[in-house]
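Have a look at the structure below, then the notes.
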Amino acid sequence: MSGVSAGRGKTQTTKDSASVFLPTGLKVYTALVTLLLGILLFCPLQEIYTEKVNLTMANKAERERTFIMVKPDGVQRGLLGEIVKRFEKKGFKLVAMKFMWADETLLQKHYGDLSSKPFFNGLVKYMRSGPVCPMVWEGLNVVKTGRQMLGETDPANSLPGTIRGDYCIEIGRNICHGSDAVDSAKKEIDLWFTGDELVQWKANEEPWLYE
Ligand code: UDP
Ligand code: MG
C-alpha cells in the first residue's frame with residue numbers, strides 16, 4: 001500500500017512541478033516560440049551552406065586591394081583615362097577614386113619611407129605641381145599584378161606594354177604610383193581614403209573572371 005501511495009505521490013509531484021512552471025497555454029506558446037526560433041536559426045545556416053560554393057569565387061575577387069594613383073604628369077598629359085582603362089579591362093574592380101590636389105603633409109606621409117633620399121623634396125614638389133587621381137582597385141593578386149602593369153620605377157627599364165614603358169621617359173616623371181605590397185597598400189588606402197569613400201558593390205562580370 002505504502003508503495004502505491006508512494007508511486008502516486010511521485011506522479012503527482014512530477015505533474016505538479018510541470019504545471020507550476022508551465023501552465024497549458026504557456027506550454028503551447030513556448031513550443032511555438034521554440035519552433036519559430038528553430039526555423040529562424042536553421043534558414044540562415046542553410047543559406048550559408050548553399051552559398052558556400054559561391055563564396056570561393058567571391059573570396060578570390062575580394063582577396064586584395066591596392067592603391068593606384070595617377071600623378072600630376074599623368075593627369076596633365078591626358079593619360080588618366082588610359083591608366084584607368086587598363087585596370088578596368090584587366091578585370092579589376094574599382095573601389096574608390098577621387099580627383100584632388102594633395103597637400104604637402106599628405107605627400108610627406110605617403111612617401112615617408114623615402115624622406116632621407118636626395119630626391120625626396122623634388123618628389124614632393126612634383127607631386128604638388130598639379131592634381132592627382134588616387135584610386136583603390138580590387139581583385140586577385142591586384143597588388144603584384146598592378147605593379148607589373150605599371151612597370152619598373154624607372155621608365156627606361158620598363159618593358160613596352162607596361163604603363164610606364166609605353167607612356168613616359170624619366171624616373172622623376174613616371175606618371176603613376178602603385179603600392180608595392182599588401183601591407184603598404186592597406187596603409188596607403190587608409191591614408192588617402194576614409195572608410196565611407198570605399199564603395200561596396202558587386203561587379204556583374206565576376207563569374208566571367210573567376211572560376
Ligand atoms: N623617384 C625619383 N628618383 C629616384 C627614385 C624614385 O624621382 O631615383 C620617384 C619616382 O617618382 C618614384 C617615387 O619616387 O615613383 C617613389 O619611389 P619608389 O622607389 O617607391 O618607386 P615606385 O614604388 O613608385 O615604383
Ligand atoms: Mg614605392
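For the single chain, residues carry numbers from 1 onward in sequence order. Counting starts at 1 for both ligands and their atoms, in listed order.
- The side chain to side chain contact (heavy atoms under 4.5 Å, CB included) search around N204 returns none, not counting sequence neighbours.
- Residues I175 and V70 are not in side-chain contact: their nearest non-hydrogen atoms beyond the backbone lie 4.5 Å or more apart.
- Using cut-offs of 30° and 60° on the angle between ring planes, the pair H177 and F67 is tilted.
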Listed pairs under 3.5 Å, donor-acceptor, residues 85-102 side chains, sequence neighbours left out:
residue: K85; atom: NZ; partner: E82; partner atom: OE1; Å: 3.4
residue: R86; atom: NE; partner: E82; partner atom: OE2; Å: 3.1
residue: R86; atom: NH1; partner: G161; partner atom: O; Å: 2.9
residue: R86; atom: NH2; partner: D166; partner atom: OD2; Å: 2.8
residue: R86; atom: NH2; partner: Y167; partner atom: OH; Å: 3.2
residue: K93; atom: NZ; partner: E138; partner atom: OE1; Å: 3.2
residue: K93; atom: NZ; partner: W201; partner atom: O; Å: 2.6
residue: K98; atom: NZ; partner: W192; partner atom: O; Å: 2.7
residue: K98; atom: NZ; partner: E197; partner atom: OE1; Å: 2.9
residue: K98; atom: NZ; partner: E197; partner atom: OE2; Å: 3.3

Show me the side-chain donor-acceptor pairs of residues 113-120 shorter than 3.5 Å, one per line, residues at least two apart or across chains.
residue: S115; atom: OG; partner: G112; partner atom: O; Å: 3.1

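- The nearest pair of heavy atoms linking V75 to P131 is CG2-O, 3.4 Å.
- Among protein residues, K71, Y111, L114, F119, L123, R147, T153, R164, I171, G172, N174 come within 4.0 Å of ligand 1, judged on heavy atoms.
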